[in-house]
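Below you'll find the structure, written out as structure tokens, and then a few comments.
In what follows, every heavy atom counts, from backbone to side chain, and hydrogens, waters and symmetry copies are set aside. Just so you know, ligand 1 is whichever comes first in the structure, and atom 1 is the first atom listed for that ligand. Counting begins at 1 with the first residue of the sequence.
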Amino acid sequence: MHSPLAGQIALVTGASSGIGSGVATALADAGARVAINYHAHAEPAEKLAAAITARGGDAFAVGADVSDEAQVDAMFDAVVKRFGTVDIVVANSGLQKDAKFTALTLADWRTVIETNLTGQFLTAQRAVREFERRGPRDVSKALGKIICMSSVHEVIPWAGHVNYAASKGGIQMMMKSLAQEVAPQRIRVNGIAPGAIRTPINRDAWDTQEKLERLLKLVPYGRIGEVEDIGRAAVWLASDESDYVVGTTLFVDGGMTLYPGFADNG
Ligand code: NAD
């Protein structure tokens with residue numbers, strides 16, 4: 001098996017389901033030892049860790065609310081205690097609380113910003129501190145790699161989802177500004193912007209044939225994305241194959257950002 005991440009240690013937040021689970025699996029299959037963060041329910045994360053371990057990998061589940069500073073600290077402490085350090089951090093946790101703008105509550109605005117944006121800030125900050133603390137390792141050309149899970153909605157406006165789109169737009173500029181700040185230390189920070197990926201977060205967009213057909217009108221490539229599509233992108237961004245890629249968002253969206261409404265003469 002191709003093991004571009006052999007000897008490396010990864011942490012993936014929100015990895016008990018969906019994209020995070022697919023990314024943790026792909027990183028493990030590429031040779032990394034993986035810490036699988038979950039928020040509320042330990043069991044799916046523990047099952048995933050067991051499945052990875054059963055295939056000869058090394059993984060464990062670690063609980064934390066990424067919007068809570070003390071819990072993020074405890075999560076990094078647990079990873080360092082178990083694996084010694086971390087080389088790859090995927091800030092993936094996210095949620096939606098959708099509402100028409102005039103009905104959007106301050107509580108739902110805050111929950112989405114605090115989980116999606118502040119959660120990635122706290123996760124990335126602890127990652128940089130840990131890379132600096134332990135110094136260079138001979139497992140990668142970079143001192144460390146951070147991948148911020150963004151969305152096509154870092155550039156596509158989304159009526160009825162103002163809090164979510166604002167959080168993803170914020171992630172884009174946080175990622176780029178951080179990448180600029182830490183690149184001289186050979187820390188690579190990049191983002192992935194998934195399009196429509198089949199996960200629990202957007203079940204309502206694909207769980208009937210009719211809804212799926214409507215969704216696919218937005219996807220020039222003509223299929224919904226799978227978590228494995230994002231897993232492969234994450235492995236590449238985490239590996240030395242992408243060593244000169246710094247501060248970029250990789251869109252993995254089947255062409256969703258190509259203004260498909262203009263395909264037929266607009
Ligand atoms: P998901 O609901 O399966 O995964 C989200 C994960 O985040 C869950 O495991 C959840 O437990 C975790 N989470 C939520 N709040 C948390 C908190 N406070 N602390 C720690 N973890 C928390 O959905 P998904 O589609 O896999 O989403 C993963 C990421 O991908 C999100 O950032 C989402 O915005 C992004 N994304 C998804 C799609 C898509 O089409 N599925 C498209 C673009 C971007």
Checklist entry - Partners of Thr208 by side-chain contact (heavy atoms from CB on, under 4.5 Å), sequence neighbours excluded? => result Glu210, Lys211
Next on the checklist: Whether the side chain of Ser177 engages the backbone of Met174 through a donor-acceptor N/O pair (distance < 3.5 Å, no angle test) should be reported.
Outcome noted: no
Next on the checklist: Pairing donors with acceptors under 3.5 angstrom, does anything connect the side chains of Glu130 and Thr85?
Outcome noted: yes
Identify every side-chain donor-acceptor pair in residues 33-44 under 3.5 Å, counting partners at least two apart or on other chains, and give the distances.
{"unit_1": "Asn37", "atom_1": "OD1", "unit_2": "Gly14", "atom_2": "N", "d": "2.9"}
{"unit_1": "Asn37", "atom_1": "ND2", "unit_2": "Val62", "atom_2": "O", "d": "3.2"}
{"unit_1": "Asn37", "atom_1": "ND2", "unit_2": "Ala64", "atom_2": "O", "d": "3.3"}

Checklist entry - Between Tyr164 and Trp158, how do the two ring planes meet: parallel, tilted or perpendicular, split at 30° and 60°? => result perpendicular
Provide, line by line, the atom pairs where ligand 1 and the protein bring an N/O atom each to a distance under 3.5 Å; else say none.
{"unit_1": "ligand 1", "atom_1": "3 (O)", "unit_2": "Ser17", "atom_2": "OG", "d": "2.8"}
{"unit_1": "ligand 1", "atom_1": "4 (O)", "unit_2": "Ser17", "atom_2": "OG", "d": "3.4"}
{"unit_1": "ligand 1", "atom_1": "7 (O)", "unit_2": "Gly94", "atom_2": "N", "d": "3.3"}
{"unit_1": "ligand 1", "atom_1": "9 (O)", "unit_2": "Gly14", "atom_2": "O", "d": "3.4"}
{"unit_1": "ligand 1", "atom_1": "9 (O)", "unit_2": "Ser17", "atom_2": "OG", "d": "3.0"}
{"unit_1": "ligand 1", "atom_1": "18 (N)", "unit_2": "Asp65", "atom_2": "OD1", "d": "2.8"}
{"unit_1": "ligand 1", "atom_1": "19 (N)", "unit_2": "Val66", "atom_2": "N", "d": "2.9"}
{"unit_1": "ligand 1", "atom_1": "21 (N)", "unit_2": "Ser93", "atom_2": "OG", "d": "2.9"}
{"unit_1": "ligand 1", "atom_1": "25 (O)", "unit_2": "Thr199", "atom_2": "OG1", "d": "2.6"}
{"unit_1": "ligand 1", "atom_1": "26 (O)", "unit_2": "Ile19", "atom_2": "N", "d": "2.7"}
{"unit_1": "ligand 1", "atom_1": "32 (O)", "unit_2": "Asn92", "atom_2": "O", "d": "2.8"}
{"unit_1": "ligand 1", "atom_1": "32 (O)", "unit_2": "Lys168", "atom_2": "NZ", "d": "3.0"}
{"unit_1": "ligand 1", "atom_1": "34 (O)", "unit_2": "Tyr164", "atom_2": "OH", "d": "2.5"}
{"unit_1": "ligand 1", "atom_1": "34 (O)", "unit_2": "Lys168", "atom_2": "NZ", "d": "3.0"}
{"unit_1": "ligand 1", "atom_1": "40 (O)", "unit_2": "Gly195", "atom_2": "O", "d": "3.1"}
{"unit_1": "ligand 1", "atom_1": "40 (O)", "unit_2": "Ile197", "atom_2": "N", "d": "2.8"}
{"unit_1": "ligand 1", "atom_1": "40 (O)", "unit_2": "Ile197", "atom_2": "O", "d": "3.3"}
{"unit_1": "ligand 1", "atom_1": "40 (O)", "unit_2": "Asn202", "atom_2": "ND2", "d": "3.0"}
{"unit_1": "ligand 1", "atom_1": "41 (N)", "unit_2": "Ile197", "atom_2": "O", "d": "3.2"}
{"unit_1": "ligand 1", "atom_1": "41 (N)", "unit_2": "Thr199", "atom_2": "OG1", "d": "3.1"}

Checklist entry - Who passes salt bridge (charged side-chain N to carboxylate O under 4.0 Å, His left out) against Glu154, sequence neighbours left out? => result none
